[in-house]
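In this chain, numbering begins with 1 at the start of the sequence shown.
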Amino acid sequence: FACCKQIKEDLVQLNIPEEVKEIIATNRKISSIKDPVERIKALLDHNQMLEARKEILVINKVKQLNEILNYTCLKGHADLIDLIISKGANDYNRATEAAAGGGHMEIVQLMIAQGADDYNEAMAYAAEKGHMEIVQLMIAQGANNYNWAMASAARRGHVEIVQLMIAKGADDYSRAM
């Protein structure tokens, strides 16, 4: 029993997370079940719980990577984007919006090449910040919510973009006030 006590002390010193300690304890309980059928059922239940936790961890990892991707696109760090995507980031639409708002044409184009396809929101962000070239790219890609972009540009005084949106068909002037 001294051996078990030493292992327990070692685990405490290693600062093992509570989740890991819980898994170890559950494994011990399962292995103490005498009836093989009940032991298998317990193992399956335990495995199902572990798989659910793993899925949650993967989802959280992807969410964090997408936040990093968005920030990287907003700040214009094109050199980091491939690395972040290779780690699992995949929200190209939000990344495009961030890059559009930041005025980073190269990154907007990269996100479109990756599969971004929500051009209206990116156009609105670019319009709000006065990035005419990105607004024009979004129109070329298929953006067509000219009222939203006009309102975004008008709030910030980007007259040329407002004029472009009117020329494209924007007609809801109440949103621009």
Side-chain angles (χ1 to χ4, degrees), residues 14-20 22-23 47-177:
L14 290 173
N15 202 14
I16 303 295
E18 287 301 316
E19 283 184 346
V20 174
E22 181 185 321
I23 291 168
N47 189 45
Q48 198 171 22
M49 183 266 307
L50 291 175
E51 287 300 315
R53 281 186 178 172
K54 191 174 12 172
E55 283 183 39
I56 290 168
L57 290 174
V58 168
I59 290 167
N60 287 338
K61 176 186 171 191
V62 171
K63 284 182 180 179
Q64 289 174 343
L65 285 168
N66 283 330
E67 290 301 318
I68 293 167
L69 178 63
N70 294 341
Y71 182 78
T72 302
C73 289
L74 176 65
K75 296 299 180 181
H77 299 293
D79 53 324
L80 297 174
I81 292 172
D82 286 337
L83 174 64
I84 298 166
I85 290 172
S86 75
K87 299 293 182 186
N90 59 10
D91 191 348
Y92 308 124
N93 285 327
R94 285 196 55 220
T96 303
E97 295 158 17
H104 306 292
M105 175 67 90
E106 173 189 349
I107 296 173
V108 169
Q109 292 168 328
L110 179 61
M111 291 300 102
I112 291 170
Q114 288 292 331
D117 60 2
D118 183 1
Y119 309 118
N120 283 314
E121 201 149 346
M123 179 172 69
Y125 281 110
E128 180 179 359
K129 300 293 184 174
H131 303 300
M132 176 65 91
E133 288 181 6
I134 296 174
V135 169
Q136 291 170 329
L137 174 63
M138 295 299 100
I139 292 169
Q141 292 295 319
N144 59 8
N145 193 333
Y146 307 122
N147 287 317
W148 183 13
M150 177 181 66
S152 298
R155 279 192 296 272
R156 295 291 183 105
H158 301 296
V159 176
E160 289 180 5
I161 295 174
V162 170
Q163 291 170 337
L164 174 62
M165 295 301 109
I166 292 170
K168 289 290 184 183
D171 59 3
D172 185 358
Y173 306 112
S174 64
R175 292 181 69 179
M177 301 192 156

Please report the closest heavy-atom contact between Met165 and Ala149, naming both atoms and the distance. SD-CB, 3.5 Å

Within a radius of less than 6.0 Å around OH of Tyr125, do more than 12 heavy atoms belonging to other residues, nucleotides or ligands occur? no

Nearest 0.5 Å please: distance from the CD1 atom of Ile68 over to the CD1 atom of Ile85. 12.5 Å

Could you grab the distance from atom CG of Leu80 to atom NZ of Lys75, nearest 0.5 Å is fine? 13.5 Å

For His131 and Ala100, work out which heavy atoms get closest and say how close. CD2-O, 3.2 Å

Could you check whether any side-chain heavy atom of Met150 comes within less than 4.5 Å of a side-chain heavy atom of Asn147, counting everything from C-beta outward? yes

What pair of heavy atoms forms the shortest contact from Asn120 to Asn145, and how long is it? OD1-N, 2.8 Å

So which atom in Leu65 and which in Ala89 form the shortest heavy-atom distance, rounded to 0.1 Å? O-CB, 3.7 Å

Return the set of residues passing side-chain contact (heavy atoms from CB on, under 4.5 Å) with Lys168 (not counting sequence neighbours), or none when no residue passes. Ile139, Tyr146, Leu164

Name all residues meeting the side-chain contact (heavy atoms from CB on, under 4.5 Å) criterion together with Ala124; count only those two or more places apart in sequence or in a different chain, and write none if there are none. Trp148, Ser152

For a quick test of reading the model, state the closest non-hydrogen atom pair linking Val135 to Ala127 and the distance between them. CG2-N, 3.6 Å

Quick note, side-chain hydrogen bond (donor to acceptor under 3.5 Å, both in side chains) partners involving residues 91-112, not counting sequence neighbours, are Glu67-Arg94, Asn93-Asp117

What heavy-atom pair brings Ala122 and Met138 nearest, and what distance separates the two atoms? CB-SD, 3.6 Å

What pairs of residues pass the salt bridge (charged side-chain N to carboxylate O under 4.0 Å, His left out) test when at least one of them lies in residues 140-153, not counting sequence neighbours? none

With Asp82 via side chain to side chain donor-acceptor pair (under 3.5 Å) - residues at least two apart: none

State whether the side chain of Asn90 and the backbone N or O of Asn66 hold a donor-acceptor pair below 3.5 Å, judged by distance alone. no

Residue set satisfying salt bridge (charged side-chain N to carboxylate O under 4.0 Å, His left out) with Glu128, at least two apart, ordered chain then number -> Arg156

Could you go step by step and tell me if Ile161 and Met132 meet the side chain to side chain contact (heavy atoms under 4.5 Å, CB included) rule? CA-CA 6 Å; Ile161 295 174; Met132 176 65 91; 3.8 Å; yes

